[in-house]
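Here's the structure we're looking at; comments come further down.
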Protein chains: 2
Amino acid sequence: MKRNTWQREAVREALGTNEGFVSAQSLHSTLRETGSSIGLATVYRALADLAVEGEADSLQSDQGESLYRACTPGQHHHHLICRNCGLTVEIEADAVEAWAHRVAADNGFTQASHVVDVFGLCATCTAQAAAAQVAPAPASPL
Amino acid sequence: MKRNTWQREAVREALGTNEGFVSAQSLHSTLRETGSSIGLATVYRALADLAVEGEADSLQSDQGESLYRACTPGQHHHHLICRNCGLTVEIEADAVEAWAHRVAADNGFTQASHVVDVFGLCATCTAQAAAAQVAPAPASPL
DNA sequence: GTCCATAATGAGAATCAGAATCAACGCGCC
DNA sequence: GGCGCGTTGATTCTGATTCTCATTATGGAC
């Protein structure tokens, strides 16, 4: 039987208030900062559970950390992620789904699953980067 | 200046003789088994260099390990990977490239890059799995 | 061929994310 | 309210990867 604990709820809520992907470690710090006495192991367990139940998406950061984010349950989708601020947009990819299955079948593969994530700079961060371009770091003047 | 050492060459060669993705750890063991005295740190450095130079592809396994594989340099491509035996097929994905850029642009994102990998069971492993189905592990007989 | 500066190496320590352990706690059912 | 057992959290452990630093050996100059 699955029990409903405030810790699990706190993790779910903390995840929901975040618009981008967060690591288990930083989610734990955040919860501790809000006065919660939740343990790190519990955060890991709760996140793993949420991911299994389809209430959270997970992906690996460049550094190999697992990052999590609340998502629409029971629906397969992909992400468009700002590599600067972490802003995440859920995108549908029916075309890519079909393509992935076709490619797999063409090569004799069965039980195809796929990882499709798009990284970029969101409009805000693009604007900021453009502003920074006004005073770029000078190249070696030699 | 980049120097040419036999260690770096050994890593490149070991990577090339492998048809699937291998972890740094197992590549190191393999090299030691062949009598090489190469160090683990060196294997990591060599793999990181190869990845930067585009001579190797890397991805994260389920367990968070970094896996590497020799690849055609200077060419963007994706992978169809057998989740049982690790067999890897390079696939082209022009359609997906275009789709990724369009989706990014539609959402105001710039500098789009993407991660597209397809996992499945290769023909061989599918056949093996089917054979195993003949004598499945019995469910609880109660 | 020899010399030299320095990039690269390798053994081991350090670091870090995450999993495992286990006694204590507390939720849900009776 | 009592009980059983699922959950928690402090701690320890593990395993991958990175860092450190003395040593080695490459490649260019001569």
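Remember, predicted model here, so these are calculated numbers, not experimental data. Naming convention: chains lettered A, B, ... in sequence-line order (proteins, then strands); numbering from 1 in each chain.
- A search for side chain to side chain contact (heavy atoms under 4.5 Å, CB included) contacts involving A:A56 returns A:L15, A:L50, not counting sequence neighbours.
- Not counting sequence neighbours, the partners of B:E92 by the side chain to side chain contact (heavy atoms under 4.5 Å, CB included) test are B:Q75, B:D94.
- The side chain to side chain donor-acceptor pair (under 3.5 Å) check on A:T110 picks up B:T126, with sequence neighbours excluded.
- For residues 4-16 of chain A, the pairs satisfying salt bridge (Lys or Arg N to Asp or Glu O under 4.0 Å) are A:R8-A:D49, A:E9-A:R12, A:R12-A:E55, with sequence neighbours left out.
- When the side chain to side chain donor-acceptor pair (under 3.5 Å) test is applied to A:D106, no partner is found at least two apart in sequence or on another chain.
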Under 3.5 Å donor-acceptor pairs involving side-chain atoms of residues 21-28 of chain A, not counting sequence neighbours:
unit_1	atom_1	unit_2	atom_2	d
A:S23	OG	A:S26	N	3.1
A:S23	OG	A:S26	OG	3.4
A:Q25	NE2	A:Y44	OH	2.6
A:S26	OG	A:S23	O	3.3
A:H28	NE2	A:I38	O	3.2
A:H28	NE2	A:L40	N	3.4

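- Not a single salt bridge (Lys or Arg N to Asp or Glu O under 4.0 Å) links B:E19 to another residue, sequence neighbours left out.
- One axis for each end of the helix from C:dG1-D:dC30 to C:dC30-D:dG1, each built from five base pairs, and the angle between them comes to 40° at 10° resolution.
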Using the 3.5 Å cut-off, write out each protein N or O paired with an N or O of nucleotides 27-29 of chain D and the distance between them.
unit_1	atom_1	unit_2	atom_2	d
D:dG27	OP1	B:N4	N	3.0

Shorter than 3.5 Å, N or O on both sides, protein versus nucleotides 16-19 of chain C: list them out with atom names.
unit_1	atom_1	unit_2	atom_2	d
C:dG18	OP1	A:S66	N	2.6
C:dG18	OP1	A:S66	OG	3.2
C:dG18	OP2	A:Y44	OH	2.8

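- Every pair passing ring-ring contact (aromatic ring centres under 6.0 Å, His included) that includes a residue from residues 89-125 of chain A is listed here, sequence neighbours excluded: A:H76-A:H114, A:H78-A:H114.
- Listed by chain and residue number, nothing satisfies the side chain to side chain donor-acceptor pair (under 3.5 Å) test with A:T124 (two or more places apart in sequence, or in another chain).
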